[in-house]
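Some notes on the structure that comes next.
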Amino acid sequence: MLRLKQPAGELPPDLYRLLDDLSTKHGQGDLRATTRQCFQIHGILKGDLKTVISSIMNMGSSTVGACGDVSRNVMTTPAPFVSAEYAYAREYSKVFAQLFRPMSTAFSEIWLDGEKAATVETWAKEVEHHKVDEAMMYDNGRGIVLSDPTEPIYGTQYLPRKFKIGVTVPGDNSLDVYTNDIGVVVICNEKGELEGFNLMVGGGMGRTHNKENTFARAADHMGFVPKEDIMEVMKAIVAAQRDHGNRDVRANARMKYLVHTLGIEKFTKLVESYYGKEIAPWRPMKEWKYNDWMGWWEQGDGKLFYGLHIDNGRVKNEGSFQLKAAIRALVDKYNLHAIMSPTQSIIFKDIEPKDKDDIEAILREHGIKPIEEVDPNARLAMACPALPLCGLAQTEAERIMPSYIERVRTLLNKMNLADEEILMRMTGCPNGCARPYMAELAFVGDGAKSYQVWLGGSPVLTRTAQPFMAKMDVDDLEKTVEPILAMFIQQRQQFEAFGDFCHRVGLDAIEAYSKSYVLGSVTA
């Protein structure tokens, strides 16, 4: 498997054409949209790696930093609105990607025979005016910058574990911002001028079954940083994790454990010791909302964008369902730029309104349902690749999730809850790549044909769910979920979402109700 680095999820048309061709010639024939706004190609043979990697790098893209104990692909809200705050979110995603890029030349020495790529990475060119390298090398004398001549931020050992950054605007939590090591929120004044950023720290999903000292965690609000100091504070946070993160026990190496152990106040003080200033209080913002940005939207400049839903991120051709061919046809005909979404889908931007009907016709011709015909619960759902593609998987996820959505839909219809939308996620192991621990209802693989059941995440993705059932056999989905839905029918408050209900009443009450519930006895 080869994963790309695509800061802000941006996907130029030439890059898509290249990936489409590479996956056909050197992969297993499909592409996989990830939950961090980038593509993976599966099935590449070792003998073809050099060809594939060099082709990607010479196109102005990269795979450096898509994996490893460094800052991973920097996410942002995928909505390509032209408003100032959305533009700043995209811009600073690329700034942070460039600021924390690995500086070693080893990668190009191996895959490009020591030659420079034919073109500079596209995002690097776009943020040159920020003088990112100068900011990276700036040493305030407080221990952020190391003496290492190659890696001034990472040093010789890099970070204790992977590091994730997400950037968004107030109110838009389409990227699961609380799951990141650092969540960054653009703060503008009433004129749309950038003032600075609210920062949250210590989010992360990975855990290990039967090890209670590993856990999923939503980030804590840390404070507000003015725009002129943002790169220095981001460096200070990374340095705090670099120097104080747990390097002895890899399962506890993520920064969320450092924040949890110290508490947000002491962690903030630690960051301030590197930064040299106090961090201002978190600025009040509008309430969070979740939107997948699927379907047609006006982007604010007279053009449109279209969110194309992809079930669990798998871009493939299968029978009359020709999704991979459809995307290639759209890219070839209209030279469309795209953005990968945090929910494994694709958004095409800068569409002329006159082309809308033809684009819809091309999708229909290739067997792609219009968004109005996609089950809302399928739009909300995510699943990791799991078997047979991931060596860590303990059971199925991507291949079985569509059937789980259908089974829950049948149950909802039977109980007269057809209009209810529930955010469901599934992973084949506890590592949390599809961010299951933020879902209202999640299934986490713990063995062959067996899942843990998690309940009570927020529909706007601001808190973690809790473990409800240790082992659910795949055949027991209906008898497990029906009692919870019955209690929801009888005890929910007006307009209360399923996840909020489970969080409010608590898992003990749900378990007690389920034990005495008679299947088929309650409908709305």
Side-chain angles (χ1 to χ4, degrees), residues 3-10 34-38 61-76 89-107 121-124 126-127 130 132-133 135-138 144-146 148 150-168 175-185 197 199-206 219 222 225 230-247 250 253-259 271 274-275 340 342 433 435:
R3 181 184 300 144
L4 269 71
K5 180 179 182 180
Q6 296 170 242
E10 295 191 353
T34 77
T35 58
R36 289 202 70 81
Q37 294 183 276
C38 57
S61 187
S62 180
T63 62
V64 181
C67 301
D69 294 337
V70 295
S71 175
R72 298 288 186 89
N73 196 48
V74 181
M75 297 175 68
T76 192
R90 292 188 289 271
E91 179 179 353
Y92 275 87
S93 296
K94 299 167 193 172
V95 168
F96 301 144
Q98 192 68 358
L99 180 64
F100 296 120
R101 73 192 189 277
M103 299 296 287
S104 170
T105 59
F107 201 82
E121 292 164 342
T122 54
W123 58 87
E126 294 171 13
V127 298
H130 283 278
V132 177
D133 284 4
M136 179 197 296
M137 297 302 298
Y138 170 72
I144 295 176
V145 176
L146 303 174
D148 186 273
T150 303
E151 298 285 5
I153 303 298
Y154 292 137
T156 57
Q157 293 182 302
Y158 290 80
L159 298 178
R161 196 72 169 84
K162 60 186 174 183
F163 199 92
K164 298 181 177 181
I165 299 171
V167 187
T168 191
L175 75 160
D176 259 333
V177 69
Y178 284 86
T179 64
N180 290 277
D181 291 273
I182 309 177
V184 183
V185 189
F197 304 85
L199 296 183
M200 59 182 77
V201 294
M205 292 288 94
M222 186 169 76
V225 176
I230 187 59
M231 282 193 270
E232 193 67 9
V233 173
M234 296 290 282
K235 285 166 55 183
I237 296 171
V238 170
Q241 162 66 354
R242 178 196 68 204
D243 297 343
H244 299 274
N246 190 335
R247 291 185 183 272
R250 190 161 175 80
R254 287 290 298 275
M255 195 176 80
K256 64 181 177 180
Y257 297 110
L258 179 60
V259 177
V271 172
Y274 286 92
Y275 173 37
M340 311 291 291
C433 294
R435 303 190 289 275

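This one's a predicted model, so the numbers in the text were calculated from it and none came from an experiment. Side-chain atoms are counted along with the backbone in the values below, which use heavy atoms only and exclude waters and symmetry mates.
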Minimum heavy-atom distance between Lys162 and Asp181, given as atom pair plus value:
O-OD2, 4.0 Å
Which atom names give the shortest non-hydrogen contact between His130 and Met231, and what distance separates them?
O-CE, 3.7 Å
Residues Phe107, Thr63; criterion side-chain contact (heavy atoms from CB on, under 4.5 Å); working and verdict
CA-CA 10 Å; Phe107 201 82; Thr63 62; 3.1 Å; yes
Tell me, do Val70 and Phe100 make a side-chain contact under 4.5 Å, heavy atoms counted?
no
Scanning both residues in full, the closest heavy-atom pair of Ile230 with Leu199 reads CD1-CD2, 4.0 Å
Distance-only, no hydrogens or angles: does the Arg72 side chain make a donor-acceptor pair with backbone N or O of Phe163 under 3.5 Å?
no
To the closest 0.5 Å, what do you measure between CD (Gln241) and OH (Tyr257)?
11.5 Å
Donor-acceptor under 3.5 Å (Arg36 side chain, Asn73 main chain):
yes
Using a strict threshold of under 4.0 Å (side-chain N to carboxylate O), is an ion pair present between Asp133 and Arg101?
yes
If you apply the rule salt bridge (Lys or Arg N to Asp or Glu O under 4.0 Å), what do you find for Asp69 with Arg254, and how did you get there?
CA-CA 10 Å; Asp69 294 337; Arg254 287 290 298 275; over 6 Å; no
Verdict with supporting geometry, Tyr154 and Asp148, side chain to side chain donor-acceptor pair (under 3.5 Å):
CA-CA 9 Å; Tyr154 292 137; Asp148 186 273; over 6 Å; no
Without hydrogens or angle criteria, can the side chains of Glu151 and Tyr158 be said to hold a donor-acceptor pair below 3.5 Å?
yes
Can you tell me how far CG of Leu4 sits from OG of Ser62, rounded to the nearest 0.5 angstrom?
8.0 Å
Please confirm whether Tyr92 and Phe197 have ring centers closer than 6.0 angstrom.
yes
Restricting to non-hydrogen atoms, name the atom on Lys235 and the atom on Ile153 that form the minimum distance, rounded to 0.1 Å.
CE-CD1, 3.9 Å
Any donor-acceptor N/O pair, Thr179 side chain to Gly204 backbone, under 3.5 Å:
no
Give a yes or no answer on whether the side chain of Arg242 reaches the backbone of Gly155 with a donor-acceptor pair at less than 3.5 Å.
no
Within this structure, what is the CE-OH distance for the pair Met234 and Tyr275, rounded to the nearest 0.5 Å?
13.0 Å
For a side-chain contact (heavy atoms from CB on, under 4.5 Å) check, start with the C-alpha distance between Ile237 and Met255, then their side-chain angles and the critical distance, and finish with the verdict.
CA-CA 9 Å; Ile237 296 171; Met255 195 176 80; 3.8 Å; yes
Close side-chain approach of Arg90 to Val167, heavy-atom, < 4.5 Å
no
Can you name the nearest heavy-atom pair linking Thr76 to Ser93, along with the distance?
CB-OG, 3.2 Å
Quick one: CE on Met222 to CD1 on Ile182, what's the gap to the nearest 0.5 Å?
7.5 Å
Would you say that Arg435 contacts Pro342 through its side chain, given a criterion of any heavy-atom pair below 4.5 Å between the two side chains?
yes
Do side-chain atoms of Arg247 reach the backbone of Asp243 as a donor and acceptor pair under 3.5 angstrom?
no
Give the intermediate values and the outcome of side-chain contact (heavy atoms from CB on, under 4.5 Å) for residues Ser71 and Val238.
CA-CA 9 Å; Ser71 175; Val238 170; over 6 Å; no
Between SG on residue Cys38 and CE on residue Met340, distance to nearest 0.5 Å
7.0 Å
Which atom of Val127 lies closest to which atom of Gln98, heavy atoms considered:
CG2-CB, 4.3 Å
Is a salt bridge present between Lys94 and Glu10, judged by a nitrogen-to-oxygen distance below 4.0 Å?
yes
So, do Tyr178 and Met200 sit near enough that their side-chain heavy atoms are less than 4.5 Å apart?
yes
Could you please spell out the steps behind the side-chain contact (heavy atoms from CB on, under 4.5 Å) verdict for Glu232 and Val225?
CA-CA 10 Å; Glu232 193 67 9; Val225 176; over 6 Å; no
d(Asn180 CG, Leu175 CG) to nearest 0.5 Å is 6.5 Å
